[in-house]
Structure formats: structure tokens, C-alpha cells
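Heavy-atom basis, side chains included; hydrogens, waters and symmetry copies ignored. Sequence positions, counted from 1, serve as the residue numbers for this chain.
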Amino acid sequence: MMSRTQITLESQAHRRARQRAAELGVSLAEYVRRLVARDLASPQPTADVTSIFDLGSSGGSDIATNKDSMVAESFHSMRAAKPHRP
């Protein structure tokens, strides 16, 4: 069963929506129905963030302790690689 409804769009949005519907070969009403159906579809399950823990070994490095020196080293090596502009 279908229900009739009325919506108000800004003229530019209305023009662009009609244009997009024409590109898809459907009516404006069908275009809006598809948008609503897609928006209301069941949300895709998201991965559990804990699944990325314990995936590998750090090899004994302690990034938390050494991160500042690692970032500085990377920054300086990148800067040294770029030629200076006058």
C-alpha cells in the first residue's frame, strides 16, 4: 500500500533531483522512494574494534616511549630530502 505525501524542496535541489531521476530513467517520485528506502535500510554491521588488537608483534620496540624521537627523525629525513627553494 502506498501513501501520498508532499515535500518542499528548494528550486535548485528540485531541478537537480529531477535531472538525476531523468538520468536514471525514473520519475522524481521513484527517485525519492529509492533514496528513502536506501536511507532506511538496515545499517551494515560494523567490525568490532577489538578485532585489531594482538594481530602482530612489535618486535620489542616501544613506540610509546620513543615516538617523539621517531617522529623527529622522520621529519628531519623528509626535510633533508627536499631541496630548499630560494
Side-chain angles (χ1 to χ4, degrees):
M1 178 178 200
M2 301 279 265
S3 295
R4 185 178 174 103
T5 191
Q6 183 174 345
I7 62 171
T8 304
L9 298 172
E10 293 180 0
S11 57
Q12 183 180 12
H14 183 255
R15 181 184 53 76
R16 291 180 66 203
R18 288 185 73 80
Q19 183 179 23
R20 181 67 178 131
E23 291 169 3
L24 295 172
V26 298
S27 67
L28 177 60
E30 177 61 21
Y31 176 65
V32 172
R33 281 191 290 271
R34 290 180 184 184
L35 290 175
V36 170
R38 185 172 58 211
D39 185 63
L40 298 177
S42 304
Q44 297 296 319
T46 57
D48 182 13
V49 70
T50 60
S51 65
I52 64 169
F53 294 109
D54 295 325
L55 290 178
S57 170
S58 67
S61 71
D62 188 356
I63 293 175
T65 300
N66 302 321
K67 70 176 174 139
D68 290 334
S69 63
M70 291 177 175
V71 169
E73 181 182 330
S74 176
F75 176 76
H76 290 300
S77 68
M78 288 176 55
R79 192 163 194 200
K82 290 184 180 179
H84 290 286
R85 293 185 189 181

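Qualifying salt bridge (charged side-chain N to carboxylate O under 4.0 Å, His left out) partners for Glu73, counting only residues two or more places apart in sequence or in other chains: none.
Contact record, Tyr31 with Leu24: CD1-CD1, 3.8 Å, taken as the closest heavy-atom pair. Nearest heavy-atom pair, Ala21 versus Ser27, reported as atom, atom and distance to 0.1 Å: CB-O, 3.7 Å.
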Can you give the donor-acceptor pairs under 3.5 Å from side chains of residues 32-39 to other protein atoms, not counting sequence neighbours?
residue	atom	partner	partner atom	Å
Arg33	NE	Glu30	OE1	3.1
Arg33	NH2	Glu30	OE1	3.1
Arg34	NE	Glu30	OE2	3.1

All N/O donor-acceptor pairs, side-chain side in residues 9-19, below 3.5 Å, sequence neighbours left out:
none

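Ser74 places no side-chain N or O within 3.5 Å of a backbone atom of Val71 that could act as its donor or acceptor partner.
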